Structure formats: structure tokens, C-alpha cells
Asks: 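Can you keep this structure in mind? I'll have questions shortly.
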Amino acid sequence: MTRTNGAAAQMLEEFAELLALSGGEPFKVRAYERAARAVEGWATDVTEMDERDLDAIPGVGTHLAAKIVEFVRTGTVEELDELRAVIPAGLRDLLDVPGLGPKRARQVYEALGVASRADLLDALHRHRLRDLPGWGARSEAALARSVEEAHRAGERIRLDLALALAEELLAGLRAEPAVERCEYAGSLRRMAPTVGDVDLLAASADPDAVMAAFVGLPGVGRVLVRGETKTSVVTTRGVQVDLRVVEPSVYGAALVYFTGSRAHNIHLREIAVREGRSLSEYGLVEVATGRVLAARTEDDVYAAFGLPWIPPTLREDLGEIEAGLAGTLPRVLRAADLRGDLHTHTTLSDGVSSLEEMVAAARALGYRYLAVTDHGPRLFPGVTLEGVLDQRERLRRLGAHGSMTLLHGTEVDVAPDGSLDWPDEVLAGFDVVVAGVHTALRQSREAMTARIVRALEHPAVGVLAHPSARALGRRGPVDADWDEVLAVAARTGTALEVNAAPDRLDLDGPLVRRAVEAGCRLAVSSDAHAASQLDRIRVGAATAQRGWARREDVVTAWPVDRLRRFLARPRG
DNA sequence: GCCGTTTTCGGCCCGACTGTTTTCAGTCG
């Protein structure tokens, strides 16, 4: 995990905020913000980079490279400490209040001495803001409301919940005759592990009718913004949803704009500017003539840049534009490439569906194979060898008819010392052994790395399950030397899982990318504990895409014969 | 502060919305 990169990015973001609050040059502020995003998304850990390596990151120049080196070496940056000394810490918190930006935060600080959230509440209570230049009773009231609700800001929603919400709202919109088409965009379409809000896009010649239908949908609470082309609401559960409506003739350009990360969009627009063009949600336009060059479809827009259509999951400005221009963008894994699942549970351990139900569900999905991998006895003492052998026998009978291959497996726990639960001779009897770290997650980097490496080197282990062991919203990844782990996995040929459980999505995109570059094999699996959860493997495929995984890299996309040979190969 | 097929200066993405303004500033995405 690039946790040092995350810390460096936070440092640069703080720099940007303090510069903005001190009235710094806006373009300088933007440079820091851009560098923060670039560092955060960069695959190599900044602790392993010197100033020249850092300078090679797009958006990072000599000055910021030096600051990052200083930060890595000393844990802080002198110039940043100086800014901290001048600007009250509480002032930064004010920027988290929606609608209050650096200019006005600075204004209320200088005019009224407001230097914290508490100060702001007090000033609002006394109606001291309405008389400031540029303020009025309405803007004061809007800010007061925003402060009250600000505790929700920054809260992110799990991808699966956001998807469900989006689908529900889209179904409601599609019932409105004025809607020609609509879909979700934004970080949801990029399949980010969590999203801050839900972005919807609709094509219609009658935006008013669409907006009216939207604000009337069940579950829609307060309306934040209501314009001709953009409406923002908060659902009754507190999720912000933005709807944009455009003419059908520019739907493709709008979809490009509302799907790409900000960095991806800015990158495209900078290319356009250099070529005498301008890109917006209304199309790619030749500036000199005003002629629209592309707008109807995403394909048209990307083609006008000399680019192939870029999958939404890649639109993060992490090199996809450069690769597209160079013709080296990989053909990434698609959900339809996946032929089965190597990680599922039944009622033998902690699943809620029976073996028979899981097999029937996999058949219904058209799978070529299914592995059943209930937990071993260390996590579930009720699981006995007798029960496992009985399950194996039932599985063999179920597999005797039908074209789907059934694999008998187990998910074993990797103990703090790297040992596994089940003796080696029992492990050797499984078609597939999935090994995962579940407890003692706070080991030192050295101990955790050695623990994982030992599991990877076990001859019976075919897949390392949820390698980082993160739980979204609850705990971060374990601390391990990922370069070492990836090198060992590549050498032993042990597949690294892309676990599609919505609170895991582990490996995540950035680590998938490093794993692919290290030459590792991947296994996209559902970790389903119920028959209805098998299909979440689609989100796993999207997560693998975010790491630029190709079909070739993913063993769960291979033909069954090749997969079986892969699993049968001893490792170590 | 970054960047370069208009390269070492002089630019830097684009538009919607709100509230305050008679033409725009601030914020957001």
C-alpha cells in the first residue's frame, strides 16, 4: 500500500490549503493540489524515489520534489511549518464547510476574527456575517444551514450501496417520458471503492420536466441546487445526488466530462487548448471557427483526440491518456471474461446458502467452474475434517452431471507465524487452497511480510486471499513490504486475489497495478457468503481494471483446463 | 509551482449556480 504516498499527498494538500488561506497565487495553489493527486496515485512508493524520480511524476517539479524528499527524510517540511505558525489550525477546518472557500474563510477571519468552527457558529448566531462586503441575509442563512449539515461532508459511501441507490433513481428517471437516456457517471462509473456523491446524467430535450421528475422521486429529500441543467439533492439517507441534463446531441461529450476524474478532464482540456480547441460538456470545439468536432458519443470525443475509447475505470489520469496516444493502452479485463469463482462459502462455515444452492446459482450464471472454499477450523472450530470430506463427496456427486467443473477448496487462516490451519497432507487433498490473513493485523512490517511470504511459499497455496486485509470504513491495510510480497508471489506463481466483497475490494486498483507490473497472477473472486452475492464479482472485475489488469493476468478468466494446471502446480 | 511540436516566459480547463451584484465574485465539480 502506498501509505507514504498518501501521507505525502496530505502534506501537499495541507500546503495548498494554507497557501490558499493566506491569499497565495491561485495557480500555485492548483500546482500543489495537482501534485498531491499525482503523488497519491503514483504506483511507486515515494520513500524509494530520489528527487529526479519524483520530478518525473507529471505535476511534480524540482521544487515540490525537494519538499517531498524533505518530508520523507524528516517527517515535515520547514516551509510548511512556517505557514502553520501564521495560519490558525481551525481555519483549515472551515474549508470543510460546503460553500465556504478560502477567500471567504480568510475574509471572516480577518474581519471578524473567526478562526474555528466554533467561532463561525458564534458569528452566525450573532448575524455578524450579513453585513460583510459581498454577503447578505440569504448567504448567511445558507452558510448556517451548511454548517449544521457539515458533519456529513467528507463521509464516503460504499460502492455497492451507491450503485444500488443510483440504479433505483435511474429506474425512476427512465419512467419519465422526457428522458431519452440516462446513466450514472462520476466516481461511481469509474467504480471507485467508495464515492462521495452520486452523479447522474440524462439526455433530454425538456430539462424542466426531467428536473421536476427527479426532485419528486421517492427517497429524494432536500433540494440543494435547482437550475436548468443541474440539480443537486440530498436523499433522505443523507447521500448527495447531482443530476445533469443535456441535449441528446452532446450526450457523449457530457458523459466524458462527468465520468473522468478532474485530473483526467483537465489533461484532455489542456491537450485541446494546445491544438486550438476547447473541450467542455457540450463538445470538442475548434476555437477559430466555433465548429463542433465531436460531441455525440464518447467514441467520437476520444477519437477526435487520436485516442481509443478509454474504459471509465481507467480515467484517473494515471497514464491512460499517454498510453492511449502511444497506442499502448492495454485491453483490460472485462467482467464477461471471468469464467468462474475461486472463493465462495457455504453453510459448512459461515455462508448462508447451502452447497446445492451455491452450485445452482453458479450454473444459472453460466459459470464454467466454481470453487467452494469454506473456512478452516482455526476461524470456525465447528468445521471438522469429517465435515469437509463429506462436503467433498457431495460436491463430486453434484459435479458428475452438467458441464460446470466443481472444485473443492478451503480458505485457510494464515497464523501470525505464517502457518496454516490443516496439516499439509489435508491441504494437499484440496483442488484449491485460498490463504488469508484474518487476525493479528497490527504486526510490524517485518513480521507481516515474513508471515505473508511464508504463506505464498507453501506448496499447496494457490491464492492469497484479500492480501491487504483492509475493511473499508473500519480499518486500513496491514503494513507489509509490498514490493517483497509481489516479488515472491511472482516467483512462486501464487495468485493474488482481487476480492470483490464490497467492504474489501482487495487488492485495490493501485496494488493491482503494481502486481501486474511485477508479473503476478491475479484471481478475481466474489468471497460470496450467499448465492445472491456471486454476481458482485463484476465489481471485482472493475477493481482489476482500475489496476490495468489484462485477461491474461487473471487466472479466473482462463479456460478451466489451464486454470486446473495452474492450481495443481506445486509452489515454493 | 508546473510546463513546453507557440519551450525557459507566460500562460495555466470550463461551465453551472447562487447571491450579491447592475456585470461579477466565490464556490463547486
Side-chain angles (χ1 to χ4, degrees), chain A residues 12 15-16 19-20 23-39 54-68 79 94-108 129-143 145-146 153 185-188 190 195-201 207 211 223-233 240-246 250 253-254 256-285 287 306 317 325:
Chain A
L12 292 168
F15 231 125
L19 283 171
E25 166 68 27
F27 290 113
K28 186 170 165 179
V29 174
R30 282 236 297 273
Y32 277 80
E33 289 170 347
R34 183 176 177 212
R37 289 192 301 269
V39 167
L54 290 163
D55 191 19
I57 301 177
V60 178
T62 53
H63 290 84
L64 293 186
K67 287 189 171 68
I68 294 167
E79 208 179 312
L94 296 187
L95 298 180
D96 292 336
V97 178
L100 192 62
K103 292 259 172 54
R104 291 194 155 166
R106 187 165 183 237
Q107 182 190 22
V108 295
L129 277 76
R130 56 176 58 181
D131 296 326
L132 294 176
W135 291 78
R138 289 177 69 94
S139 46
E140 186 184 69
L143 185 63
R145 182 152 211 176
S146 187
S187 51
L188 191 56
R190 299 199 305 278
V195 302
D197 61 12
V198 171
D199 293 307
L200 305 178
L201 177 66
M211 294 309 183
V223 177
L224 299 174
V225 169
R226 172 89 187 255
E228 286 179 14
T229 69
K230 173 184 173 175
T231 290
S232 295
V233 302
Q240 183 170 335
V241 183
D242 298 338
L243 172 67
R244 291 290 301 254
V245 183
V246 298
V250 301
V256 167
Y257 175 61
F258 293 117
T259 300
S261 72
R262 190 185 305 210
H264 178 91
N265 290 343
I266 290 175
H267 196 156
L268 285 179
R269 287 170 175 202
E270 285 171 348
I271 293 175
V273 167
R274 284 204 293 276
E275 297 173 346
R277 301 163 164 187
S278 173
L279 177 67
S280 76
E281 55 265 54
Y282 301 114
L284 181 66
V285 175
V287 175
D317 196 30
L325 290 172

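All values derive from a computational prediction rather than experimental measurement. Labels below follow one simple rule: chain letters A, B, ... track the order of the sequence lines, proteins then strands, and each chain is numbered from 1.
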Asks: B:dG26 base to A:R104 side chain: any donor-acceptor pair below 3.5 Å?
Replies: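 There is none.
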
Asks: For A:L268, answer base if it contacts any base atom (sugar-phosphate contacts may also be present), sugar-phosphate if it contacts only those atoms, and nothing otherwise; contact means non-hydrogen atoms under 4.0 Å.
Replies: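 Result for A:L268 = nothing.
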
Asks: State which residues pass side chain to side chain donor-acceptor pair (under 3.5 Å) with A:S187; sequence neighbours excluded, sorted by chain then number.
Replies: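 So A:S187 forms no side chain to side chain donor-acceptor pair (under 3.5 Å) with any residue.
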
Asks: Over all strands shown, is A:A185 touching base, sugar-phosphate only, or nothing at heavy-atom distances under 4.0 angstrom?
Replies: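 Nothing, no heavy atom under 4.0 Å.
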
Asks: What's A:S232 touching, base or sugar-phosphate or nothing? Going by heavy atoms closer than 4.0 Å.
Replies: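 No contact.
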
Asks: Roughly, in whole Å, what's the span from CG in A:D242 to P in B:dG15?
Replies: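 It is 19 Å, rounded to the nearest whole Å.
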
Asks: Taking only side-chain N and O atoms of A:H267, does any of them lie within less than 4.0 angstrom of OP1 or OP2 on B:dC13?
Replies: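 Indeed not, no polar side-chain atom of A:H267 lies that close.
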
Asks: Closest approach to the side chain of A:Y257, judged atom by atom: which nucleotide of B:dC14, B:dC3, B:dG1 is it?
Replies: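 When the side chain of A:Y257 is considered, B:dC14 is the closest of B:dC14, B:dC3, B:dG1.
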
Asks: Once you apply a heavy-atom cut-off of 4.0 Å, does A:P58 come out as touching a base, just sugar-phosphate, or nothing?
Replies: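 It contacts sugar-phosphate atoms only.
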
Asks: Mapping A:D199 and A:T229 to their closest nucleotides on DNA chain B, which lands nearer the 5' end?
Replies: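 Mapping each residue to its closest nucleotide by heavy atoms, the 5'-most match is A:T229.
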
Asks: Any side-chain N or O of A:S139 under 4.0 Å from OP1/OP2 of B:dT18?
Replies: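 No, no such contact exists.
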
Asks: Ignoring the backbone of A:K230, work out which of B:dC12, B:dA16, B:dT18 is nearest its side chain.
Replies: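 Selected nucleotide (nearest to the side chain): B:dA16.
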
Asks: Is there side-chain contact between A:R190 and A:T259, with heavy atoms separated by less than 4.5 Å?
Replies: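 Yes - at least one pair of side-chain heavy atoms lies under 4.5 Å apart.
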
Asks: For A:D197 and A:A31, take the nucleotide of DNA chain B holding the closest heavy atom to each; which residue's nucleotide lies nearer the 5' end?
Replies: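 Comparing both residues, the 5'-ward one is A:A31.
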
Asks: How many Å lie between CE on A:M211 and C1' on B:dA16, as a whole number?
Replies: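 Going from CE in A:M211 over to C1' in B:dA16 covers 10 Å.
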
Asks: Is the phosphate of B:dC14 approached by A:R269 (side-chain N or O, under 4.0 Å from OP1 or OP2)?
Replies: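 Indeed not, no polar side-chain atom of A:R269 lies that close.
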
Asks: Classify the nucleic acid contact of A:V273 as base, sugar-phosphate or nothing, counting any heavy atom under 4.0 Å across all strands shown.
Replies: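 Sugar-phosphate only.
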
Asks: Tell me, do A:M211 and A:V245 make a side-chain contact under 4.5 Å, heavy atoms counted?
Replies: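 Of all side-chain heavy-atom pairs linking A:V245 with A:M211, at least one is under 4.5 Å.
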
Asks: Counting side-chain heavy atoms from C-beta on, which of B:dG19, B:dG26, B:dC12 comes nearest to A:R138?
Replies: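 The answer is B:dG19, which lies nearest to the side chain.
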
Asks: Under 4.0 Å: is that the gap between some side-chain N or O of A:R226 and OP1 or OP2 of B:dA16?
Replies: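 For A:R226, the contact criterion (side-chain N or O under 4.0 Å from OP1 or OP2 of B:dA16) is not met.
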
Asks: So does A:K28 get a side-chain nitrogen or oxygen closer than 4.0 Å to the phosphate oxygens (OP1/OP2) of B:dG1?
Replies: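 True: A:K28 side-chain N/O within range (under 4.0 Å) of B:dG1 OP1/OP2.
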
